[in-house]
Amino acid sequence: MDENGTTNRAELSKGYEHQEVEARWYAFWKGRGYFHGDEHDRSRPAFSIVLPPPNVTGSLHLGHALTATLQDVLVRWKRLSGFNTMWLPGTDHAGIATQMVVEKELKRTEKKSRHDLGRAEFLKRVWAWKEQYGSRIGQQHQALGAALDWERERFTMDEGLSRAVREVFVRLHEEGLIYREKKLINWCPDCRTALSDLEVEHEEGHQGELWSFAYPLAEGVGEIVVATTRPETMLGDTAVAVHPDDDRYRELVGRTVRHPITGREFPIVADGVLVDPEFGTGAVKVTPAHDFNDFEVGKRHGLEFLTVIGLDGRMTAAAGPLAGLDRFEARKEVKRLLEELGLARGSKPNPMALGRCQRSQTVLEPLLSDQWYVKIAPLARPAIEAVEQGRTRFIPEHWTNTYMAWMRDIHDWCISRQLWWGHQIPAWYCEAGHVTVAREAPSACATCGATALRQDEDVLDTWFSSGLWPFSTMGWPDRTETLETFYPTTVMETGHDIIFFWVARMMMMGLHFMGEVPFKTVYLHPMVRDAKGQKMSKTRGNVIDPLEITGKYGADALRFTLAALTAQGRDIKLASERVEGYRSFANKLWNATRFALMNLEGYVERGADPAEAARTAADRWILARLQVAVNGTVEALEAYRFNDAANTVYHFVWHELCDWYLELAKEAFFGDDAGLKAAAQAVLVHGLKTSYLLLHPFMPFITEELWHVLRAQVKADAWPDSIMAARYPAPGPVDEAADRAFGPVLGIIDAIRSIRGEMGIPFKVALGQATPVHVAVTDPAVHALLGAGEERRVARLAGVEKLAVHLAAATPHGPQSAVAVGAGFEVRVPLAGVIDLAAETARIDKELAKLAADLTLLERKLSNPSFVERAPVEVVAKDRARVEELREASLKLNNHRAMMTGADTQREDSPMETTPPNVPPTTPAPTTMSEKVEQAYEKVMEKGQEAVQAARDEVKAFEKKAKPAMAKARKAVRKAVSDVKKAVKKATTKKPARKAKKPARAAKKVVKKVVARARKVVKKATKKAKKK
RNA sequence: GGGCGCUUAGCUCAGUGGUAGAGCAUCGCCUUCACACGGCGAGGGUCGUAGGUUCAAGCCCUACAGCGCCCACCA
């Protein structure tokens, strides 16, 4: 063991054992202070993220694991790239959720309610609960490897954060943005608290019943029939409303009806807003205290607000004979009573949306009560502008619309909750009922000076304190250095399900109190679902504990899986096979290192530039591929394309470094050329080291482990003694020539392997024993390359004993052989005694058919004059080259086939370089144009093409610019058209509705306007394009 | 009712106007001196449907169909 606790082994275990390795590193990193962001350090650019705080008493699920993974990827990547990173952890007190958990537990173990304990004692219990379970989240994050700055850990009910909450409340109150009012709110009779609009879940498609009954007129004769989905509320009716223009009821307006159960009398009023004369009977019962629409009607007409359903969901004394009944019982009872009275007028099914409590799923009850509100419009405006101006940007972009739509149609926010667990509202009341809002408990009423004060018993909505999270956690309202350095945060990474609850509120609060957006980018990650695509939920029982997976497959494997599946705009379906696959990937990396360790004898650490160490074409090739991988990974990370980043590294490590380079380099490792071996060692070590770094953000544990192992083995003092202290690979120019040059070698190996595979020749059976495997190449450079040693690699990787390379168009003939052709080369594998003539013919025919199909397609394309004229030159050129290639290939294969079937008479080992007579010439005969004319013609053509291309580019650029405007216009047109359609539809139904005309007219107007604008935009675009 | 997203190989999904891709699964061969958590090879696609724009469409436009999500106070 060295001082870091790493086993210093020359040999690794055969397989990667994640439990053993993962247990070791977290404490090491933390101890070294790698997770800490330095608020004093302004020399490096800052990169900060605040972790969306999970519920303190909860435990992490896969959604949290995804959050932790993606943020850790960003933080570790940025840290390695030289940023001063700070990732702030913490937990949320989660008002209702937590209180309910503790209440449930209390009931289970002690059979007591919170009221039995009293407020103080109950809160003690919750804190105790928090202490007991609060650390679990931290442990889970550590197990996942999250590089969180634990020194800055916060809890929403910490003293500091509570102070921020009071400060915000008082300031908003002083600014008139917080007020207290008695109005209708969504009340959960089960949780016994008010809720904000957002906490209401609308259950769609609920099959309700529209039940009709008659109100007798007070004067004794006549009735008016109303319909309702909630019969029990009729006990609180204080009016019946009809449409003012409805001839059916014109005479009844202003008269009185008598309540058949309570005997109260109330008026029939005319209200054009509430009543749609076409719905139901055209008469609406009005319950101002239990319905949001009716509440407004009540205000408009000065009606009585009669509360008949209490906070407990039972009928109040005002409900008369039904007092004390549960509201659903009361519904049945009301129907029964009215039926008895002969007032029931039938019913019909009516689909409706039911509002349920987000927590308890209880059907909500609109109730009249005193609550605190945030006047939100003034806060929303700057939050809208910030996004419009691009100071905060959403990724994926389409969430911008969602955000905007909600922000523009925002309602005042009810922030008081009738709970005990949370920030108690800093408002005090005196005997006279005056309110004093203050940061600390006041000694006297601000209005009358009374000293007997009682604090408001309610607490604030959990999201009120979470909304302050980006700055309250950094010491606000003090002007701390942490805020100076790390606010605004760089990116907010969270799920799109809390875009309104949290993201929007942070935007508003951050802008209002800090004067700056809380984050520059909002990355909204997908939802994690189970393998069947179902949402994970406790009730479904398909919630997976991330630690279950990490225990089985390793944290690195889980992290990599989540990152690899995180594509923009789609949910993640997590299947364990995926995780298993990435565990294999970890094992692959482990074993590649193991191979290196076994072959590093005599290794000498070179300088910084591995390209200087490279000796062979294979060396240069893998280094080029490595640079491609580095570039691709960084580019993807920068664009938040986590899946692309992960896949890029995965593909490089497994399929290029391991499958190809490791095998190619064996020639050097097992050969006797010390120089080549040293070069291969240098390249391999560099490749592995760079791979560890690329992978580190995704797989921190294994990469740290292997880093130490390899570092110890190569005795490289230049390597920092933790991968976390190293630098991330830098993007840079790719050695394209080296990449391209090696292509034919890979192609030849593929070709021979393919023949082997299709002929079913096992690898252990060496090819080319009696007669050599012939390879013909047309490019002298490739020929030279093969001669310079690559030929031995081909032989090794394809399992060939004797290889003969020719600089020729075709290989020497031999009937007992299989042939494969590629770009610039032909391969002939002698198969004397092995070959199945029919099989080989079939194989060739298949190949020929494919070539012919491709060729036909391309030729047709090229014979189309408008393609040749209008397509960019390089596209045409590429297709022409491809045609040549295909022709050559099919020509060769045809030859071979002819040979096989005995139609050709040429004998073995006579290199054939002429075109056989049965195949048409590959290039057309020269034209009669003189060379000069031809040259001039070509020049003109080229220029023309260039001009066309330039114009095309310009148009494209313009279109790109105009795109948002055009999209907007299109959208408006679409909407207008659909509005018109709807209006027309409505207008053509039997009864000409008054309401229909208005939207139809408005829609027509909009259409006209929008179409005109769209035309203008398009015209402008075309004009500009034509000009070019 | 309004809005958003999705539809590509058996499954899960990438795909940025220019020859349709990956992983898994399937089939064949191979326990070859890093790895069977492995290697090599192969098969498999009318890109939801119908139109349109373009020399060229999986990609852009329109309509339709199916699936999913969010928002919404029509009794």
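Throughout, protein chains are lettered first and strands after them, A, B, ... in sequence-line order, and every chain is numbered starting at 1.
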Hey, can you pull the donor-acceptor pairs under 3.5 Å for the side chains in residues 345-355 of chain A, sequence neighbours left out?
| from | atom 1 | to | atom 2 | distance (Å) |
| --- | --- | --- | --- | --- |
| A/Arg345 | NE | A/Glu223 | OE2 | 3.1 |
| A/Arg345 | NH1 | A/Gly342 | O | 2.9 |
| A/Arg345 | NH1 | A/Leu343 | O | 3.4 |
| A/Arg345 | NH2 | A/Glu223 | OE1 | 2.6 |
| A/Arg345 | NH2 | A/Glu223 | OE2 | 3.2 |
| A/Ser347 | OG | A/Glu209 | OE2 | 2.9 |

Can you name the side chain to side chain donor-acceptor pair (under 3.5 Å) partners of A/Glu232, sequence neighbours left out? A/Arg230, A/Arg331

Under 4.0 angstrom, heavy atoms only, what part of the nucleic acid is A/Lys588 near: base, sugar-phosphate, or nothing? base

Is the backbone N or O of A/Met598 less than 3.5 Å from a side-chain atom of A/Gln713, with the two atoms forming a donor-acceptor pair by type? no

Tell me whether the side-chain N/O atoms of A/Thr402 come closer than 4.0 Å to OP1 or OP2 in B/G3. no

For the side chain of A/Arg641, counting heavy atoms from C-beta on, which of B/C40, B/U16, B/U54 is nearest? B/U16

Taking any heavy-atom pair under 4.0 Å as a contact, classify A/Ala592: base, sugar-phosphate, or nothing. base

From the list B/C69, B/C74, B/C35, which nucleotide is the closest neighbour of the side chain of A/Lys14? B/C35

Evaluate the criterion ring pair (Phe, Tyr, Trp, His ring centres under 6.0 Å) for residue pair A/Trp654 and A/Tyr650; output intermediate values, then yes/no. CA-CA 6 Å; A/Trp654 199 316; A/Tyr650 177 92; 5.7 Å; yes

Nearest listed nucleotide, side chain of A/Ser584, among B/A72, B/C37, B/C55: B/C37

Output yes when at least one side-chain N/O atom of A/His411 is less than 4.0 Å from OP1 or OP2 of B/A72, else no. no

Test log, rule ring pair (Phe, Tyr, Trp, His ring centres under 6.0 Å), inputs A/Tyr582 and A/Tyr553: CA-CA 9 Å; A/Tyr582 291 121; A/Tyr553 303 108; over 10 Å; no

Could you list the residues that satisfy side chain to side chain donor-acceptor pair (under 3.5 Å) with A/Asn631, not counting sequence neighbours? A/Gln627

For B/A42, does either OP1 or OP2 sit under 4.0 Å from a side-chain N or O belonging to A/Ser754? yes

Nearest to side-chain heavy atoms of A/Phe867, which nucleotide of B/G18, B/C69, B/A72: B/G18

A/Arg793: partners by side-chain contact (heavy atoms from CB on, under 4.5 Å), with sequence neighbours left out: A/Thr616, A/Ala618, A/Leu664, A/Glu667, A/Glu790

On RNA chain B, does the nearest nucleotide to A/Phe279 precede the nearest nucleotide to A/Asn864 from the 5' side, or the other way round? Give the residue. A/Asn864

Nearest to the A/Arg583 side chain among B/C37, B/A72, B/G18, which nucleotide is it? B/C37

CG of A/Asp291 to CG of A/Leu274: how many Å apart, nearest 0.5 Å? 8.0 Å

Closest nucleotide among B/A75, B/U19, B/C55 to the A/Ser866 side chain: B/C55

Give A/His18 one of three labels, base, sugar-phosphate or nothing, depending on what nucleic acid heavy atoms sit under 4.0 Å from its own. nothing

For RNA chain B, what residues of residues 656-667 of chain A have any heavy atom nearer than 4.0 Å? A/Cys658, A/Asp659, A/Leu662, A/Glu663, A/Lys666

Are A/Trp654 and B/A34 close enough that a side-chain N or O sits under 4.0 Å from OP1 or OP2? no

So A/Phe295, base contact, sugar-phosphate only, or nothing? Heavy-atom distance under 4.0 Å. nothing

Using whole Å, report how far CD of A/Glu859 lies from C1' of B/A56. 18 Å

Would you tell me whether A/His651 and A/Asn647 have side-chain atoms, one donor and one acceptor, within less than 3.5 Å of each other? no

Answer yes or no: is there a donor N or O on one side and an acceptor on the other, between the side chain of A/Asp571 and the main chain of A/Pro526, under 3.5 Å? no

Given B/G18, B/A34, B/A42, which nucleotide is nearest the side-chain atoms of A/Phe670? B/A34

Return whichever of A/Phe595 or A/Phe501 has its heavy-atom-nearest nucleotide of RNA chain B closer to the 5' end. A/Phe595

Looking at A/His398, does any N or O in its side chain come under 4.0 Å of the phosphate oxygens OP1/OP2 on B/C4? no

A/Asp237 and A/Thr287 side chains, donor-acceptor separation under 3.5 Å: yes

Looking at the side chain of A/Asp644, which of B/C37, B/A72, B/A14 is the nearest nucleotide? B/A14

When Watson-Crick pairs (N1 to N3 and N6-O4 or O6-N4) and G-U wobble pairs (N1-O2 and O6-N3) count only below 3.5 Å on both distances, what is the dot-bracket string of RNA chain B, with | for other-strand pairs? ((((((((.[[[[.)..(..]]]].(((((.......))))).....[[[[[..)....]]]]])))))))....

Measure from the side-chain heavy atoms of A/Asn591 and tell me the nearest of B/U16, B/C55, B/A34. B/A34

A/Lys846 has a side chain; which of B/A34, B/A42, B/U19 sits nearest to it? B/A42

